[in-house]
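Position 1 is the first residue of the sequence; numbering continues from there. Ligands are counted one by one from 1 in listed order, and the atoms in each one are counted from 1 as well.
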Amino acid sequence: MLEKWLEYSQEVIEAREAGKPIVALESTIISHGMPYPQNVETAREVEEIIRENGAVPATIAILDGKIKIGLSNEDLEYLGQSENVEKASRRDIPFLLSTKKNGATTVTATMICAELAGIEVFVTGGIGGVHREAETTMDISADLQELAQTNVAVVCAGAKSILDLGLTLEYLETHGVPVVGFGTDTLPAFYTRTSPFNVNFRLDSADEVAEMIKTKWELGLDGGIVVANPIPEENALEESFISEVINQALAEAKENQIEGKQVTPFLLGKVKELTEGKSLVANIALVKNNARVGAMIAASLVR
Ligand code: PSU
Ligand code: MN
C-alpha cells in the first residue's frame with residue numbers, strides 16, 4: 001500500500017539494492033529558501049558532495065501525486081523555478097498527494113518521507129524552531145514535533161536567530177531530542193559558529209555520531225537527533241551585522257502582518273535582501289559543509 005506513494009530514482013533504487021548509504025535532502029530550501037538559479041546549482045552541488053563522500057543523495061519532493069525519493073535534473077529545475085510548488089509540511093502531505101499538486105518538503109515532511117523510504121540521515125541548512133514571541137503567536141515549527149517522533153538524524157548548521165534559540169532548545173529537551181554539537185560545545189546559529197547557548201553533547205567524529213544514533217534507536221527511543229555542524233570559519237558572518245539584519249527582518253514581518261507558513265520564507269528573503277546576498281553565500285557554504293558530514297555519518301551507519 002505504502003509503496004504506491006513512493007517513487008525512487010534509479011540511483012536510489014540501486015543504492016537500496018546494494019545496501020549503500022543514502023542521505024536525504026529537502027526541497028523547501030530549493031523552492032522557498034534560495035533564489036534561482038543558485039537554488040538549483042546548490043542542490044546539484046550538494047548531491048555531488050554526498051557522492052564524493054561515499055553516499056547516495058536522495059532529494060525529496062512531492063510531484064505528480066507521488067513522493068519522489070531522488071530527483072532528476074528536470075525535477076530540480078522545476079522546483080527551482082516554478083511558482084506552483086507549495087511549501088509542504090506534515091499537514092500538507094495528504095492534500096498534495098490526493099489532489100496531485102506539487103510540494104517542496106520542509107524538514108518535517110522530508111523526515112517523514114525519509115523514514116518511509118528507510119533513510120536514516122538527512123542533510124539540510126537550518127531547522128525551524130520556536131519563533132520569538134511564540135508565547136503570543138504560538139508559532140512553533142512542526143520540525144520540532146517531527147524530531148520528537150521520527151527516526152531520522154538531521155544534520156544542520158543549528159537554527160537561525162530569527163528564532164528564539166533558547167526556547168527552541170527547551171522544546172527539544174521536553175521532547176527528548178538530543179542536540180549534538182559536531183566538534184563544538186556551543187549551539188551554532190546558522191550564519192555564525194556560536195550562540196549564547198550550549199549543545200547537549202559534543203561528538204567529534206562521524207563514527208561517534210553514528211554510534212549514538214544506533215544506540216538511541218536500538219533502545220526503542222523513537223525520534224530524531226539534531227547534529228549541529230558549525231558553518232566553516234571563512235564563511236561565517238559577523239555576529240553584530242547579522243543580528244541587526246535579523247532584527248530588521250523581524251520588524252518588517254510584523255509590520256506586514258506575515259503569518260503561518262509564510263513567516264520563515266519571508267524572513268529568509270528579507271535577510272538575503274538586507275545582506276545584499278552575503279547571507280546566500282554563507283547559506284550555500286554551510287549546506288555543502290553539512291553534506292560532507294552527513295555523508296560520512298550515513299557511511300558509518302551502514303558499516
Ligand atoms: N531555515 C532555513 N532555511 C530554510 C528553512 C528553515 O534557514 O529553508 C525551511 C526548512 O524547510 C524548514 C522550514 O523545515 O523552513 C521551517 O518552516 P516553518 O518555520 O514554517 O516551520
Ligand atoms: Mn511557523
Pairs under 3.5 angstrom, nitrogen or oxygen on both sides, ligand 1 versus protein: list them out, please.
unit_1   : atom_1 : unit_2 : atom_2 : d
ligand 1 : 7 (O)  : Lys160 : NZ     : 2.1
ligand 1 : 11 (O) : Glu26  : OE1    : 2.6
ligand 1 : 11 (O) : Glu26  : OE2    : 3.4
ligand 1 : 14 (O) : Val107 : N      : 2.8
ligand 1 : 14 (O) : Asp143 : OD1    : 3.2
ligand 1 : 14 (O) : Asp143 : OD2    : 2.7
ligand 1 : 17 (O) : Lys87  : NZ     : 3.1
ligand 1 : 19 (O) : Thr264 : OG1    : 2.5
ligand 1 : 20 (O) : Lys87  : NZ     : 2.7
ligand 1 : 21 (O) : Ser141 : OG     : 2.7

Self-check item: Ser27-Thr105 side chain donor-acceptor pair, cut-off 3.5 Å
Solution: yes
Self-check item: Short N-O contact, Glu41 and Arg44, less than 4.0 angstrom
Solution: no
Quiz item: Taking 4.0 angstrom as the limit, do Asp64 and Lys100 come out as a salt bridge?
Solution: no
Quiz item: Which is the closest N/O/S atom of Asp139 when seen from the Mn ion (ligand 2)?
Solution: OD1
Quiz prompt | cation_pi(Lys278, Phe241) dist<6.0 Å, angle<=45 | solution = yes
Quiz item: Are side-chain heavy atoms of Arg292 and Glu52 found at a separation under 4.5 Å?
Solution: no
Practice problem: May I ask you to decide if Thr108's main-chain N or O and Asp143's side chain share a donor-acceptor pair within less than 3.5 Å? | Solution: yes
